[in-house]
**Student:** 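Input: one structure, supplied below.
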Amino acid sequence: MKLFDAHCHLQDKRVIDKAPELISAALAVGVTNFAVNGTSEKDWDLVKEMGEMYPSVIPCFGIHPWFIADRSPHWLNTLRMLFETTPTAAVGEIGLDKSPLAAGIDYSDQLAVFRPQLELAKELNKPVAAHCIDAFDDLLEIMRSVGPFPAGVILHSFNGTAEVVPKLAELGAYFSLSGWFTYIDEKIAKNTLKSIPSDRFLLETDSPDGLPKSDESSEPILNEPANIVAVLEYVSNLSNIKKEDLAELTYGNTVRLFSYPGSKLL
């Protein structure tokens with residue numbers, strides 16, 4: 001059974017020293033690849049190095065909405081040049097966030113950083129990983145004005161409603177479910193699962209965050225890519241799709257998505 005972690009942050013300072021062990025543990029349970037997403041200029045070099053060091057790591061570069069205040073005046077040029085020197089890379093993590101998690105972060109500034117990154121992904125014909133919390137109306141409006149996106153927009157740790165799924169899907173969106181999905185009300189989660197087209201369905205861990213819900217008190221505080229198996233089992237039970245079939249489906253979708261020109265997967 002093969003699995004593909006469609007979104008994680010192994011460059012995070014909390015786990016980077018353990019990255020070799022975390023990658024080995026995930027490979028042992030069938031994870032073949034990891035899309036490692038940068039979040040600011042400060043970690044792009046780490047992601048680039050990780051992509052060069054590990055054949056299984058797909059590097060991704062972007063500015064996350066929580067870290068836009070840290071950007072330099074020439075951030076977009078730096079990002080563009082990074083893609084020129086790293087053809088294996090995808091775009092991400094970018095996004096919009098109106099939730100309390102983004103309290104104090106200027107939303108108009110988020111928009112000013114989000115749009116050019118989305119335009120760059122479109123221009124480069126690369127998939128882009130997007131964080132979106134409580135901002136789906138704006139996301140949809142911007143995607144409609146910039147898109148469609150034949151290379152794909154990955155709505156990572158998707159927590160939107162079933163109603164927004166078809167509108168986003170027609171523009172090229174993929175819907176990636178992480179351990180955060182295990183905390184959503186089951187009725188809502190089931191409706192969401194029913195709404196996602198089978199060819200747009202992905203699984204991820206969002207490691208080192210997004211630890212799947214568990215009754216075991218011995219669970220570690222931080223999440224790791226090997227825990228994608230727990231996400232697979234949860235979604236399998238909720239959707240009544242056999243675990244092996246769901247793994248095959250999501251693996252195929254993710255490989256196709258990350259098979260852009262210059263990708264390691266080609």
Side-chain angles (χ1 to χ4, degrees), residues 1-37 39 56-57 64 66 93 95 97 99-102 129 131-134 154-162 165 174-196 201-251 253-254:
M1 188 167 67
K2 292 181 179 179
L3 293 162
F4 194 131
D5 190 345
H7 188 103
C8 63
H9 301 279
L10 293 176
Q11 86 286 5
D12 188 290
K13 62 184 179 182
R14 294 169 291 172
V15 295
I16 190 166
D17 291 342
K18 302 175 185 173
E21 297 88 54
L22 296 180
I23 288 173
S24 293
L27 292 173
V29 297
V31 182
T32 65
N33 293 93
F34 316 80
V36 175
N37 281 252
T39 57
S56 56
V57 167
H64 188 291
W66 295 353
E93 180 177 353
D97 195 329
S99 77
L101 294 169
H131 164 116
C132 185
I133 305 181
D134 297 342
I154 304 163
L155 297 177
H156 109 86
S157 286
F158 181 67
N159 70 342
T161 64
V165 168
Y174 286 71
F175 305 87
S176 187
L177 305 182
S178 71
W180 297 116
F181 194 69
T182 64
Y183 296 88
I184 295 175
D185 176 85
E186 278 198 14
K187 185 177 179 181
I188 294 172
K190 285 180 179 179
N191 285 337
T192 298
L193 287 172
K194 288 176 185 175
S195 71
I196 297 175
F201 198 173
L202 313 176
L203 296 178
E204 63 168 273
T205 60
D206 199 21
S207 170
D209 296 304
L211 187 70
K213 191 175 182 179
S214 173
D215 295 327
E216 298 176 23
S217 58
S218 61
E219 283 288 341
I221 295 171
L222 295 177
N223 194 15
E224 62 176 286
N227 287 330
I228 196 169
V229 173
V231 180
L232 172 72
E233 290 174 349
Y234 182 83
V235 175
S236 170
N237 290 335
L238 214 57
S239 60
N240 292 318
I241 299 174
K242 282 174 58 180
K243 191 167 60 173
E244 294 77 12
D245 293 341
L246 184 60
E248 183 178 4
L249 171 68
T250 55
Y251 181 78
N253 289 345
T254 321

**Student:** Less than 4.5 Å apart, side chain to side chain, heavy atoms only: is that true for N159 and I133?
**Tutor:** yes
**Student:** About how many Å separate CG of N253 and CG of L202, when rounded to the nearest 0.5 Å?
**Tutor:** 6.0 Å
**Student:** Just jot down the side chain to side chain contact (heavy atoms under 4.5 Å, CB included) partners of K194, sequence neighbours excluded, or say none.
**Tutor:** none
**Student:** Using the test ring-ring contact (aromatic ring centres under 6.0 Å, His included), find all partners of W180 that sit at least two apart in sequence or belong to another chain.
**Tutor:** none
**Student:** Measuring from atom CG of L193 to atom CG of L246, what distance do you get when rounded to the nearest 0.5 angstrom?
**Tutor:** 9.0 Å
**Student:** Compare every heavy atom of A189 with every heavy atom of L238, then report the nearest pair and how far apart it is.
**Tutor:** CD2-CB, 3.5 Å
**Student:** Can you check whether L3's main-chain N or O pairs, donor with acceptor, with D5's side chain at less than 3.5 Å?
**Tutor:** no
**Student:** Heavy atoms, side chains only, cut-off 4.5 Å: are N227 and S207 in contact?
**Tutor:** no
**Student:** Taking the side chain as every heavy atom from C-beta outward, state whether W66 and L101 have any pair of such atoms under 4.5 Å apart.
**Tutor:** yes
**Student:** Scan for ring-ring contact (aromatic ring centres under 6.0 Å, His included) pairs involving residues 229-249, sequence neighbours excluded, and state none if there are none.
**Tutor:** none
**Student:** For a quick test of your reading: what N or O donor-acceptor pairs under 3.5 Å do the side chains of residues 17-34 make, sequence neighbours left out?
**Tutor:**
unit_1 : atom_1 : unit_2 : atom_2 : d
S24    : OG     : P20    : O      : 3.0
T32    : OG1    : Y251   : OH     : 3.3
N33    : ND2    : S56    : O      : 3.2

**Student:** Under the criterion ring-ring contact (aromatic ring centres under 6.0 Å, His included), which of F175, F181, Y174, F201 is the partner of F158?
**Tutor:** F175
**Student:** Going by heavy atoms in the side chains, are T205 and S178 under 4.5 Å from each other?
**Tutor:** no
**Student:** Measure the shortest side-chain to side-chain distance between H9 and P208 over non-hydrogen atoms and say whether it is less than 4.5 angstrom.
**Tutor:** yes
**Student:** With heavy-atom distances below 4.5 Å as the criterion, would you say the side chains of N223 and D206 are in contact?
**Tutor:** no
**Student:** Just verifying a value: how many Å separate L177 CG and I196 CD1, rounded to the nearest 0.5 Å?
**Tutor:** 5.0 Å
**Student:** What residues, two or more places apart in sequence or in another chain, satisfy salt bridge (Lys or Arg N to Asp or Glu O under 4.0 Å) together with D12?
**Tutor:** R14
**Student:** Taking salt bridge (charged side-chain N to carboxylate O under 4.0 Å, His left out) as the cut-off, I'd like each qualifying pair that reaches into residues 238-250, sequence neighbours left out, listed once.
**Tutor:** E233-K243
**Student:** Which heavy atom of V231 sits nearest to which heavy atom of E204, and what is that distance?
**Tutor:** CG2-O, 3.9 Å
**Student:** Using 30° and 60° as the class boundaries, would you call the ring planes of H131 and H156 parallel, tilted or perpendicular?
**Tutor:** tilted
**Student:** Which atom pair, heavy atoms only, marks the closest approach of L222 to L211?
**Tutor:** O-CD1, 4.0 Å
**Student:** State whether the side chain of Q11 and the backbone N or O of I16 hold a donor-acceptor pair below 3.5 Å, judged by distance alone.
**Tutor:** no
**Student:** Does S176 reach the main-chain N or O of L155 with its side chain, forming a donor-acceptor pair under 3.5 Å?
**Tutor:** no
